[in-house]
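Structure, as structure tokens:
Below, chain A is the first sequence line, B the second, and so on; all start at residue 1.
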2 protein chains.
Amino acid sequence: MVIATSSDSQHKSCPHNPEISCGNCRLGAICLPLTLEDEEIVKLDEIVRRGRPLQKGEHMYRTGDDFTAVYAVRSGAIKAYRITGDGEEQVTGFYFPGEIIGMDGISKNKYASSAKALETSAICEIPFSRFEELSRQVPTVQRHFFQLMSQEITSDQQLITLLSKNTADERVASLLVSISARNARRNLSDSNFRLPMSRADIGNFLGLTVETVSRVMSRFSKQKLISINNKDVMLLDINRLKEIASITD
Amino acid sequence: MVIATSSDSQHKSCPHNPEISCGNCRLGAICLPLTLEDEEIVKLDEIVRRGRPLQKGEHMYRTGDDFTAVYAVRSGAIKAYRITGDGEEQVTGFYFPGEIIGMDGISKNKYASSAKALETSAICEIPFSRFEELSRQVPTVQRHFFQLMSQEITSDQQLITLLSKNTADERVASLLVSISARNARRNLSDSNFRLPMSRADIGNFLGLTVETVSRVMSRFSKQKLISINNKDVMLLDINRLKEIASITD
DNA sequence: AGCTATTTTTGATTAATATCAATGCCTTTA
DNA sequence: TAAAGGCATTGATATTAATCAAAAATAGCT
């Protein structure tokens with residue numbers, strides 16, 4: 001079985017703004033989940049800093065670090081997590097290329113979560129003070145950042161609903177479908193991908209134990225909904241998975 | 001037993017900016033969970049609209065309504081909720097005076113949730129287009145709104161952790177302690193208050209059934225941690241409740 | 001005030017997932 | 001390529017909270 005890995009994540013044109021090839025998309029050759037104006041891209045390019053690639057396991061920032069920047073993922077995958085009162089880890093999100101992370105640091109001027117690379121990853125640093133300034137100068141930048149924060153709120157609230165109402169099957173199906181959709185947005189295969197995180201991370205994110213995640217995935221596999229080869233997954237019946245995830249659309 | 005009700009919610013001075021008496025705090029005589037500059041208050045006052053009071057059960061907005069404004073609660077209590085794919089309600093938050101609601105509408109220009117009054121409530125409408133304009137003119141306004149959105153993200157992520165990791169006891173204790181702390185911020189009793197929402201709403205918010213919420217509260221009552229008189233609650237041992245909620249601080 | 005509908009509480013049972021335990025499979029490294 | 005450590009899978013049992021059912025308390029209405 002040959003399955004696309006996340007190292008294939010380069011793509012030629014931005015699906016959200018086909019006018020802009022990624023060679024011109026200056027935010028580190030990524031497409032944000034927003035359609036940016038040309039002016040915005042140019043202005044943003046002036047303040048964005050491309051960092052050296054992060055190795056697997058390396059941190060972008062940790063809880064309590066001074067908040068200085070938000071980050072755009074260029075390649076790889078990032079895990080965001082918090083440490084609970086009793087020292088346990090709570091995964092709050094997985095971030096793929098084009099997604100923005102670090103916005104939880106704004107309120108207290110310290111990051112409320114930690115972010116670490118699940119595999120070798122490239123990120124863009126967007127220094128916040130310069131960005132704030134830019135937001136005041138360019139109306140669309142401000143608007144778009146409000147939208148990105150609002151998207152983060154919406155996705156957190158979807159997770160709240162998932163954790164509050166859904167069974168183990170529904171949670172796992174939701175995650176698979178969500179990753180599938182995010183791959184599609186980047187013009188990657190929506191049915192054939194690598195899960196960059198461990199089963200433990202998946203369980204932690206979905207409020208399940210490793211064992212339950214493993215059992216659910218085995219069962220999906222027996223039911224021919226997916227095909228698993230360790231971290232590589234193939235979605236054999238996306239529509240059925242969407243039904244299970246109760247994504248009606 | 002005499003217990004303060006939420007109609008007592010007037011207070012004389014803003015605990016976050018004691019320089020400003022609430023008579024001068026122009027955002028509808030409320031104190032935001034931020035320290036505003038005098039200039040900001042004046043500017044905000046120009047765009048804020050005080051609406052007529054909402055009756056219990058009345059909606060501020062519903063999922064899918066065009067996004068036009070964010071709202072500051074002045075008095076009463078508001079429940080925010082979403083409707084899941086299969087038509088069930090998911091409560092995503094309770095909002096008390098001084099808190100801001102509606103920010104989830106920014107990303108798609110439609111509200112992603114609905115908001116309804118749990119009791120007679122007064123709200124301030126902050127028309128978003130005028131607010132966006134103001135944010136560009138007054139640096140601190142922009143900064144403060146970024147902070148409010150970031151706070152919303154943080155509190156959603158705390159709820160995610162609660163739903164993912166905590167037992168029924170811990171969840172109920174957390175909610176009681178959270179409401180207590182929010183009352184304290186408004187100079188109200190932190191130990192003696194009315195729960196404006198039903199047990200069903202509490203259960204829905206905490207990912208529990210009504211029956212479980214009721215049982216936990218009865219048990220807390222037997223253990224002399226709280227004293228319940230239907231919607232009125234007295235916290236008899238806040239420190240123990242904080243321990244149970246695993247709020248170490 | 002009295003009647004009704006709704007909400008809350010309590011009890012008995014069931015179902016889902018966690019926990020405990022063991023095995024097997026990949027990956028890393030010498 | 002062999003050994004070691006970590007990760008994933010599978011099985012047996014325990015536990016928590018859900019579900020089903022009914023009574024008690026409260027709120028709303030005339």
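Ring geometry for B/Phe67 versus B/Tyr111: interplanar angle over 60°, hence perpendicular rather than tilted (30 to 60°).
B/Arg219 places its CZ atom 13 Å from the P atom of C/dG11, with the value rounded to the nearest Å. In this entry the distance linking CZ of A/Arg199 with P of D/dT10 reads 11 Å, nearest Å. Atom pair B/Asp232:CG and C/dT8:P shows a separation of 13 Å (rounding to whole Å applied). Rounded to whole Å, the distance from CG on A/Leu206 to C1' on C/dA18 is 15 Å. B/Ile228 has its CD1 atom 14 Å from the P atom of D/dA25, to the nearest Å. For the pair A/Leu163 CG and D/dA18 P, the interatomic distance rounds to 14 Å; values are reported in whole Å. Put simply, NZ on B/Lys56 is 10 Å from C1' on D/dG28, counting in whole angstrom units. One interatomic measurement links the two molecules: CG of B/Asn229 to C1' of D/dA27, which rounds to 14 Å at whole-angstrom precision.
For D/dA27, the OP1/OP2 oxygens have a side-chain nitrogen or oxygen of B/Asn230 closer than 4.0 Å. Residue B/Lys231 places no side-chain N or O under 4.0 Å from the OP1 or OP2 atom of C/dT7.
Salt bridge status for A/Asp66 with A/Lys110: present, with a side-chain N to carboxylate O gap under 4.0 Å. Using a cut-off of 4.0 Å between Lys/Arg side-chain N and Asp/Glu carboxylate O, B/Glu119 and B/Lys79 are scored as not salt-bridged. A salt bridge between A/Arg219 and A/Asp169 is present, with a side-chain N of the basic residue lying under 4.0 Å from a carboxylate O of the acidic one. Between B/Arg182 and B/Glu99 there is a salt bridge, since at least one side-chain N of the basic residue sits less than 4.0 Å from a carboxylate O of the acidic one.
Nucleic acid contact for B/Gly207: sugar-phosphate only, since backbone atoms but no base atoms lie under 4.0 Å from a heavy atom of the residue. Residue contacts for A/Ser214: at a heavy-atom cut-off of 4.0 Å it reaches a base atom on one of the strands shown.
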Using atom names, set out every protein N or O paired with an N or O of nucleotides 19-21 of chain C below 3.5 Å, distance rounded to 0.1 Å.
unit_1	atom_1	unit_2	atom_2	d
C/dT19	O4	A/Arg215	NH2	2.9
C/dC20	N4	A/Glu211	OE2	3.0

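Rounding to the nearest 0.5 Å gives a distance of 10.0 Å between OG of B/Ser150 and CE of B/Met103. Expressed to the nearest 0.5 Å, how far OG1 of A/Thr212 lies from CZ of A/Arg199 amounts to 13.0 Å. To the nearest 0.5 angstrom, A/Asp104 atom CG is 12.0 Å from B/Ser155 atom OG.
Remark: the backbone N or O of B/Asp156 is not paired with any side-chain donor or acceptor of A/Asp156 at under 3.5 angstrom.
Rounded to 10 degrees, the angle separating the terminal helix axes of the helix from C/dA1-D/dT30 to C/dA30-D/dT1, each built from five base pairs, is 60°.
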